[in-house]
There are 2 protein chains.
Amino acid sequence: MNTHEIFHTINQLSRYLTNRINEELKPLGIYSSQWTVIYVLKTKGSLTQKEICQYLAIEAPPMTRTIQRLLTQGYVKQIQGKDKREKYIQLTEVALEKYPTWEAATLQVNDSLLSAIPSHSHEELSQQLKGWYKQLS
Amino acid sequence: MNTHEIFHTINQLSRYLTNRINEELKPLGIYSSQWTVIYVLKTKGSLTQKEICQYLAIEAPPMTRTIQRLLTQGYVKQIQGKDKREKYIQLTEVALEKYPTWEAATLQVNDSLLSAIPSHSHEELSQQLKGWYKQLS
DNA sequence: GTGATATAGTTACCTAGGTAACTATATTAT
DNA sequence: ATAATATAGTTACCTAGGTAACTATATCAC
């Protein structure tokens, strides 16, 4: 087996999927990196930037940028923690109102992308990839 | 099933794998994007930039940059085609000398990354992902 | 309490890929 | 033959993520 191939395919897939999701989200005013953060905040509630970084396995600097963009767009607010170094981030009312639209758009494109593989293997593939990643990290 | 999860996992995996491969390649003087091009040129021979782009499903501008870096490092040379718009790219002697080192490094890290999943499922997973990507693109 | 160390977040600059607009050459229509 | 169109590659600027060095606050040793 050619081991280069599987890594190449994963990268291709990752780029392709992200591009397709961005195509849907861009007209709705956000990018996929922002959606990822919004989604986490919606499901987990208020979190520090550090916690968001850990949850998404993204380094602090890109997260600072994504959050600053969400701040200027008014989709997120910062609340200083008791520990003054910490900044708690939470969704604004505006973001909560728009959330259903964003969610519907992503769910729809997700389904359309997943429809390219037999639905009985979705769960297995997901578990396999998740298990692999967990082993690695 | 949460459809967001599988896309998220694929992105995480992709970033993680690329970072690990870069860790190995950086001390050897190249980055993973350059390695991808070098690998294609080694297996396919001389190609136009267009052909490399198509093969790797990468847009022309990032490819121009990668190739320009390979040019300044002396790992690649451009040859004007009969069609004067085209530039045929091929590996230099220097690159061919270093190729075995790069290949050994990537094969080793590939194996180590793949060892996190049972080896009997490597081929199946690879085929599944490849099939999915093919369906999509 | 003060000095050393650790931590949260930011800034500057890096790789990696994408789109739009451009240049230069080829091709096609008439 | 020339005007219109298409194509290969480049340039400028965008999203997305990473590392190193920095600031400001907390904690720990003593």
Side-chain angles (χ1 to χ4, degrees), chain A residues 7-8 10-27 29-37 47-73 76 78-89 137, chain B residues 7-8 10-27 29-37 47-73 76 78-89 137:
Chain A
F7 298 104
H8 185 222
I10 290 171
N11 288 336
Q12 305 260 56
L13 252 181
S14 174
R15 279 195 296 125
Y16 185 86
L17 300 171
T18 305
N19 289 343
R20 284 285 300 272
I21 291 168
N22 266 327
E23 259 175 46
E24 298 301 317
L25 286 177
K26 205 175 171 183
I30 57 171
Y31 289 94
S32 64
S33 62
Q34 298 176 276
W35 164 247
T36 308
V37 173
L47 294 175
T48 64
Q49 288 192 202
K50 177 84 184 193
E51 286 168 331
I52 302 173
C53 287
Q54 284 170 342
Y55 192 73
L56 297 176
I58 282 172
E59 299 300 323
M63 188 52 66
T64 293
R65 286 192 297 270
T66 300
I67 284 170
Q68 274 169 357
R69 189 149 46 171
L70 287 170
L71 274 167
T72 65
Q73 287 180 291
V76 123
Q78 283 179 329
I79 292 163
Q80 203 185 49
K82 215 180 59 184
D83 180 335
K84 283 181 195 160
R85 293 170 303 181
E86 289 178 340
K87 294 179 178 176
Y88 279 88
I89 311 296
S137 59
Chain B
F7 299 103
H8 185 223
I10 290 171
N11 288 335
Q12 305 260 56
L13 252 182
S14 174
R15 279 195 295 126
Y16 186 86
L17 299 171
T18 305
N19 288 344
R20 284 286 299 271
I21 291 168
N22 266 326
E23 259 175 46
E24 298 301 317
L25 286 177
K26 204 175 172 182
I30 57 171
Y31 289 94
S32 63
S33 61
Q34 298 176 278
W35 164 247
T36 308
V37 173
L47 295 175
T48 64
Q49 290 191 200
K50 177 85 184 191
E51 287 167 331
I52 302 173
C53 288
Q54 283 170 341
Y55 192 73
L56 297 177
I58 282 173
E59 299 300 321
M63 188 52 65
T64 294
R65 285 192 297 270
T66 300
I67 284 170
Q68 275 168 357
R69 190 150 45 173
L70 286 171
L71 274 167
T72 64
Q73 287 180 292
V76 123
Q78 284 179 329
I79 293 164
Q80 204 185 50
K82 215 180 59 184
D83 180 335
K84 282 181 196 161
R85 293 170 303 181
E86 288 177 340
K87 294 179 178 177
Y88 280 87
I89 310 297
S137 61

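Numbers restart at 1 for each chain; the letters A, B, ... are given by sequence-line order, proteins then strands. As the structure is a prediction and not an experimental result, all values here were calculated from the model.
For the pair A:Glu59 CD and D:dT15 C1', the interatomic distance rounds to 18 Å; values are reported in whole Å. Between the CD atom of A:Gln34 and the C1' atom of D:dC14 there is a distance of 13 Å, rounded to whole Å. B:Ile10 places its CD1 atom 15 Å from the P atom of D:dG17, with the value rounded to the nearest Å. To the nearest angstrom, P of D:dG18 lies 4 Å from CZ of B:Arg15. Taking atom CD on B:Glu23 and atom P on D:dT19, their separation rounds to 8 Å, with Å as the unit.
A:Thr36 is linked by a side-chain hydrogen bond (donor to acceptor under 3.5 Å, both in side chains) to nothing, counting only residues two or more places apart in sequence or in another chain.
In terms of phosphate contacts, A:Arg69 brings a side-chain nitrogen or oxygen within less than 4.0 Å of OP1 or OP2 of D:dT15. Note on A:Ser33: every side-chain N or O is 4.0 Å or more away from OP1 and OP2 of D:dT15. The side chain of B:Asn22 places an N or O atom within less than 4.0 Å of a non-bridging phosphate oxygen (OP1 or OP2) of C:dA16.
B:Lys82 comes within contact range of the sugar-phosphate backbone alone, with a heavy-atom separation under 4.0 Å but no base atom that close. Backbone-only contact: A:Ser32 has heavy atoms under 4.0 Å from sugar-phosphate atoms and none from a base.
Out of D:dG9, C:dA8, D:dG17, the shortest distance to the side chain of A:Pro62 is found at D:dG17. Nearest to the side chain of A:Arg85, among C:dA6, C:dG9, C:dA26, sits C:dA6.
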Are any protein N/O atoms closer than 3.5 Å to N/O atoms in nucleotides 10-12 of chain C? If there are, list each pair with its distance.
{"unit_1": "C:dT10", "atom_1": "OP1", "unit_2": "A:Lys87", "atom_2": "NZ", "d": "3.0"}
{"unit_1": "C:dT10", "atom_1": "OP2", "unit_2": "A:Gln49", "atom_2": "OE1", "d": "3.3"}
{"unit_1": "C:dT10", "atom_1": "OP2", "unit_2": "A:Gln49", "atom_2": "NE2", "d": "2.8"}
{"unit_1": "C:dT10", "atom_1": "OP2", "unit_2": "A:Thr64", "atom_2": "OG1", "d": "2.6"}

Verify side-chain contact (heavy atoms from CB on, under 4.5 Å) between A:Arg20 and A:Glu24, making sure each step is shown before the conclusion. CA-CA 7 Å; A:Arg20 284 285 300 272; A:Glu24 298 301 317; 5.6 Å; no

